[in-house]
Structures are given as C-alpha cells and as structure tokens.
Amino acid sequence: MEPIMEEEEYNWREVNLPAMIPLVAEPELERETCERRRGRDILIAVDHGPNSKHAFDWALVHLARIADTIHLIHAVSSLKNGLVYEAGQGLMEKLSVEAFEVAMVKTLARIVEGDAGKAICKEAERLKPAAVVMGTRGRSLIQSVLQGSVSEYCFHNCKTAPIIIVPGKEAGEESVV
C-alpha cells in the first residue's frame, strides 16, 4: 500500500489504474492528423451505488470527449481500513476500464478520507474542472434537509465549477440540474 498524503486535515490516496493505449486507425483526411482540441478535466464523484453508476454512464455518453481527462473521486470514512480502500480501488479500476472502452478518455482516480461533500468541493478547487458530475438519490426536499445530501452540499459550496446532478434512472432524462 502506498502512503497516505495529507494536506491540511485532508487525507487522500492516488489509485494506480491500468495503463491503456488506444488503437486508433490511420486518419482518412489530412486535417484529422492535427490536434483537434485541448482536453478538459471532468470530475465525477462515485460510490458503490446505482445512482452514482448512472451519473458516471451519463457523463461518458453526454459530456466526455476523446481529449478529456476523467477524474474519479471516491470518499471513504478511513483510508487506514484496507478492506474499504481495496473495494474503492476495485471500483475505480472497473470504471476506468469502462471509461476507456466507451469514450476513449484518460482516467485518474483518487480516494479521499472524510465527508464526501467537502472532499468533492476540495477536489473541484484543486482541479478547476469543466464540470463536476454526481448522482443523487432523488429524495424530497424535506428528506434532504433532515438527512443531508452530498449533491445539495456540493451544489451550494463548489464555486469553481458547474455542478451537474444526474438523477437516478427512474427519474429519466427530465431533471438534470
């Protein structure tokens, strides 16, 4: 295991993802040999839930382009718990391979310790991404106020990037903030 990095009470670990090199056919047109555009950084908050996976899939289909870099972030209660860290690392590896297969984008991953909302906002400040994408459970306003909501916290506190909150599959494509 690699050491835990600390920044002002902010612990994190980089996840070593499998290296993937795209197999791209020779360009048909001469103009396609030039660099098309500069890539963007897109931050996607993930966990083991289906709403998070739906948001990840949505970002790959609707937002990601070939030159982009996807930054996956996963918040855990403790980095010292090997079982939790390994489960998070497995999730990140699986999503990284899927991102490459679906959108041919580069993926970087980081597992952070602490409150999910604060960790996502700190990563957004650090990266200054084009967008922050996350899922939501679709709770009512009263439930999210009483129980707290990571997506709502990020919506109000991340000032460096636009927040895209993707509702669960049952809500359809209607209500993307």
Side-chain angles (χ1 to χ4, degrees), residues 4-15 17 39-65 68-79 81 84-85 87-89 91-92 94-96 98-99 102-103 105-177:
I4 298 172
M5 310 305 259
E6 294 188 29
E7 295 176 7
E8 303 173 22
E9 299 181 28
Y10 178 59
N11 300 334
W12 53 272
R13 281 191 187 160
E14 294 289 336
V15 176
L17 299 172
R40 304 168 297 168
D41 291 316
I42 299 171
L43 180 67
I44 304 177
V46 296
D47 61 17
H48 295 281
N51 295 322
S52 171
K53 176 69 169 94
H54 179 65
F56 174 80
D57 293 341
W58 183 92
L60 289 183
V61 171
H62 293 95
L63 195 59
R65 301 186 297 220
D68 293 343
T69 301
I70 301 291
H71 295 267
L72 300 174
I73 182 170
H74 177 57
V76 297
S77 57
S78 173
L79 287 171
N81 186 337
V84 171
Y85 178 76
Q89 186 174 6
L91 171 69
M92 299 293 205
K94 182 180 133 215
L95 294 177
S96 172
E98 184 177 338
V102 171
V105 293
K106 178 181 176 185
T107 306
L108 300 173
R110 185 177 270 197
I111 298 175
V112 296
E113 180 177 41
D115 181 54
K118 290 178 184 175
I120 293 165
C121 290
K122 280 194 182 222
E123 284 295 303
E125 286 175 28
R126 182 180 71 85
L127 291 170
K128 301 200 180 354
V132 177
V133 180
M134 64 182 56
T136 183
R137 291 186 195 147
R139 294 185 198 163
S140 70
L141 177 63
I142 295 171
Q143 285 176 321
S144 62
V145 168
L146 293 175
Q147 296 174 334
S149 168
V150 173
S151 56
E152 190 159 330
Y153 177 89
C154 291
F155 182 73
H156 292 293
N157 293 295
C158 288
K159 304 298 181 195
T160 59
I163 308 295
I164 301 172
I165 300 172
V166 181
K169 284 183 181 177
E170 62 278 350
E173 294 286 330
E174 302 166 4
S175 58
V176 176
V177 176

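Everything numeric in this text was worked out from a predicted model, so none of it was measured. Both backbone and side-chain heavy atoms feed into the values below; hydrogens, waters and symmetry mates do not.
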If you round to the nearest 0.5 Å, how far is SG of Cys154 from CD1 of Ile163?
-> 6.0 Å
Derivation and outcome, side chain to side chain contact (heavy atoms under 4.5 Å, CB included), residues Thr107 and Thr69 | CA-CA 6 Å; Thr107 306; Thr69 301; over 6 Å; no
Measure the shortest side-chain to side-chain distance between Leu43 and Val133 over non-hydrogen atoms and say whether it is less than 4.5 angstrom.
-> no
Is Asp68 reaching over with its side chain to a backbone N or O of Arg65, donor-acceptor style, under 3.5 angstrom?
-> yes
Taking only Lys NZ, Arg NE, NH1 and NH2, and the carboxylate oxygens of Asp or Glu, determine whether Lys53 and Glu98 approach each other closer than 4.0 Å.
-> yes
So Phe56 and Leu72, side chain to side chain contact (heavy atoms under 4.5 Å, CB included) or not? Walk me through it.
-> CA-CA 9 Å; Phe56 174 80; Leu72 300 174; 3.8 Å; yes
Is there a side-chain contact between Val15 and Ile111, using heavy atoms and a 4.5 Å cut-off?
-> yes
From Ile44, Ile42, Leu63, residue fulfilling side-chain contact (heavy atoms from CB on, under 4.5 Å) relative to Ile164 | Leu63
Report the C-alpha distance between Lys106 and Leu108 in whole Å, list the side-chain angles of each, state the deciding distance to 0.1 Å, and finish with yes or no for side chain to side chain contact (heavy atoms under 4.5 Å, CB included).
-> CA-CA 7 Å; Lys106 178 181 176 185; Leu108 300 173; 4.1 Å; yes
If only atom types and distance count, is the side chain of Thr160 paired as donor or acceptor with the main-chain N or O of Ala124 below 3.5 Å?
-> yes
Asn157 side, atom CG; Cys121 side, atom SG - distance, nearest 0.5 Å = 5.5 Å
Any side-chain heavy atom of Arg126 sitting closer than 4.5 Å to one from Arg110?
-> yes
Measure the shortest side-chain to side-chain distance between Ser149 and Phe155 over non-hydrogen atoms and say whether it is less than 4.5 angstrom.
-> no
Let me see the working for Glu113 and Trp12 under side chain to side chain contact (heavy atoms under 4.5 Å, CB included), right down to the final yes or no.
-> CA-CA 6 Å; Glu113 180 177 41; Trp12 53 272; over 6 Å; no
Side-chain donor/acceptor of His54 to backbone N/O of Pro50, under 3.5 Å | no
Between the side chains of Asp41 and His71, does any donor sit under 3.5 Å from an acceptor?
-> yes
Between Glu125 and Lys122, does at least one N-O distance fall below 4.0 Å, as a salt bridge requires?
-> no
Measure the NE2-CG distance between His48 and Asn51 for me, rounded to the nearest 0.5 Å.
-> 14.5 Å
Could you tell me the separation between the OH atom of Tyr85 and the OG atom of Ser78, rounded to the nearest 0.5 Å?
-> 12.5 Å
Is Val76 close to Val112 at the side-chain level, that is, under 4.5 Å between some pair of heavy atoms?
-> no
His74 side chain to Gly88 backbone, donor-acceptor under 3.5 Å | no
Any side-chain heavy atom of Met134 sitting closer than 4.5 Å to one from Ile120?
-> yes
